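Here the structure comes first, spelled out in structure tokens, and everything after it is commentary.
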Protein chains: 2
Amino acid sequence: MAATDRGDLTRTAILALLGTVGPLSRTEIARELDLSPATVTQLTKALMAAGMLEELDLQPSRGGRPAQRLGLLGSAGRALGVKVTAEHLVIVEVRLDGDVLGSWETPFDPSSPDALGDLSEAVADVLGQMPPLLGVGVCVPGSVDDQAVGTVNAPTLGWQAMPVGDRLRRRLKLPVLLENDVNALAVAERLYGRGRTHRDFLVLTIGRGVGAAIVADGRVYRGARGGAGEFGHVPVAVDGPLCGCGVYGCLEAVVGAAGLVASARERGLHVTTVDELGALASSDATAREVFTEAGTILGRTTAGLINVVDPEVVVVLGEGTANWPYWQRGFDTAVRHQLMPGRRDIEIEVESWDDTSWAQGAAALVLATPFDTEGAAGEQGRMVRARLIGATP
Amino acid sequence: MAATDRGDLTRTAILALLGTVGPLSRTEIARELDLSPATVTQLTKALMAAGMLEELDLQPSRGGRPAQRLGLLGSAGRALGVKVTAEHLVIVEVRLDGDVLGSWETPFDPSSPDALGDLSEAVADVLGQMPPLLGVGVCVPGSVDDQAVGTVNAPTLGWQAMPVGDRLRRRLKLPVLLENDVNALAVAERLYGRGRTHRDFLVLTIGRGVGAAIVADGRVYRGARGGAGEFGHVPVAVDGPLCGCGVYGCLEAVVGAAGLVASARERGLHVTTVDELGALASSDATAREVFTEAGTILGRTTAGLINVVDPEVVVVLGEGTANWPYWQRGFDTAVRHQLMPGRRDIEIEVESWDDTSWAQGAAALVLATPFDTEGAAGEQGRMVRARLIGATP
DNA sequence: GGGACTAACTTTACCAATAAAGAAAGTGAG
DNA sequence: CTCACTTTCTTTATTGGTAAAGTTAGTCCC
């Protein structure tokens, strides 16, 4: 992009790279960040002079001069990640290398008149306990209009044009990044998961809602108004159940948590949550059938998306993956059945999941900014990078 | 990206910009190409010294120093665009500003043992008649594996791993760019159509097949293996008709040309082509019903895609648009019905279409390379730019 | 007609990154 | 031990582009 306004982007990218994957040689850094060796030599020299990097051991030679590994000196960056739901907040503290240092959970009412104040205070409380960090990432089940400002539209929370970013920044005096929850997961996946080796992939989430994030050419695609990835609202049934979005027959209404429970009750099962349904499935064929059918519908719809987007890998995440073995029967056959020939070998991977995964995604928003070559995170990203350079003694 | 290897990218971008939209002031150029005014001053100075640009009239002042418009001197670039189908080739000659200078059509048999030889000769014949040009763009109904090489997979043509690019380059001694046909249309749209004002849009094509191209952040998204946009193979019916791809119930099998005819005959109409069906529709309600139903299915599926991709505009193109008034009844209501609230205001535009439109898209591949900041077109793109700089006297 | 203002350009100093060429530090074959 | 070769890193000259601070040429208003 620019020649001079990239700020410390490249410098911080080196620090962040070493922070996330551990010591590397100069050549490896160059390869990883798509720089010339000359540049890496220059920048690492500066970083070493500033006391942020040190030379470590020599790698055994592979037929030429042995590689000199470089390692981070001093504290690696840390960030806070916040997941906002209609009932509670989950906050995690994550180190640059992905290690979770701590997690907190508090009840939260997004419809309270001063919801943003409550949110700010909850985060501030956690912050009080710890040394300064790079920034705070927040993910919400909705769309983020202008990422630089952080205006949130989230029907699930009853939020419309909520100035979440602005408010948090004023209270916390830290860079604050906002993003849709599924997109945040995709950022985390790009930083620590399948994205390290793939530039084009899909992240699918199942749980209360159903979502998708599209990673194209290594970047999370946000769409014209930050609303890309509303996979849950692809129509799958002409006269399907009413969805929370007001439309009938959305995928989410059919295979989301509420849809599963409804479908189970229609079959005479007395369950009120997906967890109960999952527990029942080990012994009850009808319960398994509910999952299988959901898997079939999800699989068919996913196949369509794969045909349109042509990813290398699909990663499945979300609370719903707990019951994945039951989904899988239907899903696998449906996907393979509906994929175009030549794409049937696509890898579909279900990754581990726990309660803090969403919040970890949010933290990744901050920890990924040093790699954000396009400067998409804007002003907030620049601030994060400035803190990374400034923090290490 | 790089500092030094961008070649003449910016210089050619200025030439191409003036070629496509006509004379502009330095400030306008800077705005359009996302450069600083200083850079534009420097580069235009060089281009004027080289005799490629001239200063024209002064624009009336808008409160400050009046803008000095700059215009191209000498011949603007021209390119050839080739559309390959199972029956014939359409070739057009297009000037940088989008003007079509000529068009040719010849029968073509892709299954002939020397199909690539036939193709090369057909293009060479046309080339023989004209002064040298920037390059040749070729679009095919299929996917292009490695754009730099130009290896084509196109089931419709019976082509698998066909080295089209390689062969043409050797015969023509010109830069040759290959692309999927719908993606090529999207490039043209980006250069001359809605893309001039929108960075995120969808191109939908209806006709023999059904396709889509996704333009995200101003770039045509090609997917992991160049196979993005296979919208025609999204599943829409559980027990639908068999599609050419070997799967049952694809959108294309239902609302593609063959699907429409089949559906019409099921209803007792004696038609063998969509053209006949279209002619009949003006007087026959059943024929109209066929289109309306197809429009409904297309609309519902498109709404799903819009929900996932969140574009600003959708452009509908293709032979099938001739009957659009009949599709529209079903399409419009289905789309509005299935779109998430807040997206219902999306603009859907049907553009004019003629037999050479596909080939014009192919030519746009070449004419757009000067703007291809990411250098996606690789070596061939660089050659096109070199020719643009070299050609103008 | 003379400031105050504004928009369009230009100059200058500088910066980030590169290519190209070379130095450094090993391996392995004869 | 020496020579050819490989890989890693460094040096140097150069490039493409920028920000910041002019300069130029108008308008508008008194």
Side-chain angles (χ1 to χ4, degrees), chain A residues 1-15 23-50 53-71 370 373-375 382 385 389, chain B residues 1-15 23-50 53-71 370 372-375 382 385-386 389:
Chain A
M1 172 173 279
T4 201
D5 80 338
R6 299 188 51 166
D8 295 312
L9 207 166
T10 316
R11 232 175 300 265
T12 52
I14 292 177
L15 291 181
L24 293 174
S25 76
R26 290 175 178 74
T27 321
E28 288 167 325
I29 295 175
R31 228 190 336 265
E32 204 72 28
L33 297 180
D34 227 349
L35 296 168
S36 76
T39 308
V40 177
T41 293
Q42 283 185 24
L43 296 184
T44 51
K45 189 187 287 179
L47 287 170
M48 281 167 54
L53 243 51
E54 63 178 337
E55 292 193 326
L56 302 174
D57 55 328
L58 292 171
Q59 293 288 88
S61 159
R62 281 180 294 154
R65 173 173 174 175
Q68 171 81 258
R69 293 204 312 161
L70 300 178
T373 329
E374 326 275 328
R382 232 165 325 198
R385 291 194 287 273
I389 285 277
Chain B
M1 171 172 282
T4 200
D5 80 336
R6 300 190 49 166
D8 295 314
L9 208 164
T10 316
R11 232 176 302 265
T12 53
I14 292 177
L15 292 180
L24 293 175
S25 76
R26 291 175 177 76
T27 319
E28 288 168 324
I29 295 175
R31 227 189 337 263
E32 205 72 29
L33 297 180
D34 227 347
L35 296 168
S36 74
T39 308
V40 176
T41 293
Q42 283 184 26
L43 295 184
T44 52
K45 189 187 286 180
L47 287 170
M48 280 166 55
L53 244 50
E54 62 177 338
E55 292 194 323
L56 301 174
D57 54 328
L58 292 171
Q59 294 287 88
S61 158
R62 282 181 293 155
R65 176 174 173 176
Q68 170 82 256
R69 292 204 313 160
L70 301 178
D372 165 27
T373 330
E374 326 276 326
R382 230 161 309 158
R385 291 194 287 272
I389 285 277

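Letters A, B, ... mirror the listed sequences (proteins, then strands); counts begin at 1. Note that the structure is predicted; figures quoted are calculated from it, not measured.
You'll find the side chain of A:Leu33 stays beyond 4.5 Å of the side chain of A:Thr10, heavy atoms only. Between B:Leu53 and B:Leu15 there is a side-chain heavy-atom pair separated by less than 4.5 Å. Looking at heavy atoms from C-beta onward, B:Leu70 lies in side-chain contact with B:Glu55 at the 4.5 angstrom threshold.
Here the P atom of nucleotide C:dA24 and the CG atom of A:Leu58 are 16 Å apart, to the nearest Å. When the P atom of C:dA16 is taken as reference, atom CD1 of A:Ile14 falls 13 Å away, rounded to whole Å. To the nearest angstrom, P of D:dG16 lies 16 Å from CG of B:Leu33. Put simply, CZ on B:Arg65 is 6 Å from P on D:dA25, counting in whole angstrom units. Atom C1' of nucleotide C:dA25 and atom CD of A:Gln59 are separated by 15 Å, given to the nearest angstrom. Here the C1' atom of nucleotide D:dC9 and the CZ atom of A:Arg69 are 17 Å apart, to the nearest Å. Atom CG of A:Leu70 is separated from atom C1' of D:dT8 by 12 Å (rounded to the nearest Å). Rounded to whole Å, atom P of D:dG16 lies 9 Å from atom CG of B:Leu43.
Taking both residues in full, the closest heavy atoms of B:Arg385 and B:Asp372 are given as NH1-O, 4.4 Å, listed atom of the first, atom of the second, then distance. Closest non-hydrogen pair, A:Glu54 versus A:Met48, comes out as N-CG, 4.4 Å.
DNA chain C is contacted by both A:Gln42 and B:Ala38; B:Ala38 maps to the nucleotide lying nearer its 5′ end (nearest heavy atom per residue).
Phosphate contact (OP1/OP2 of D:dT8, side-chain N/O of A:Ser25, threshold under 4.0 Å): absent. At the phosphate of C:dG26, neither OP1 nor OP2 sits under 4.0 Å from any side-chain N or O atom of A:Ser61. Close to C:dT11, at under 4.0 Å from its OP1 or OP2, lies a side-chain N or O of B:Lys45. OP1 or OP2 of C:dT10 has at least one side-chain nitrogen or oxygen of B:Arg26 nearer than 4.0 Å. For A:Thr39, a side-chain nitrogen or oxygen approaches OP1 or OP2 of C:dT18 to under 4.0 Å. Between C:dA17 and A:Thr10, a contact under 4.0 Å exists linking OP1 or OP2 to a side-chain N or O. For the pair B:Arg62 and C:dA8, the criterion of a side-chain N or O lying under 4.0 Å from OP1 or OP2 is met. Here A:Ser36 reaches the OP1 or OP2 of C:dT18: one of its side-chain N or O atoms lies under 4.0 Å away.
The side chain of A:Pro66 sits closest to C:dG26 out of D:dG16, D:dC9, C:dG26.
Here A:Leu35 lies in heavy-atom contact (under 4.0 Å) with sugar-phosphate atoms only. A:Thr27 comes within 4.0 angstrom of the backbone, heavy atoms only, and of no base.
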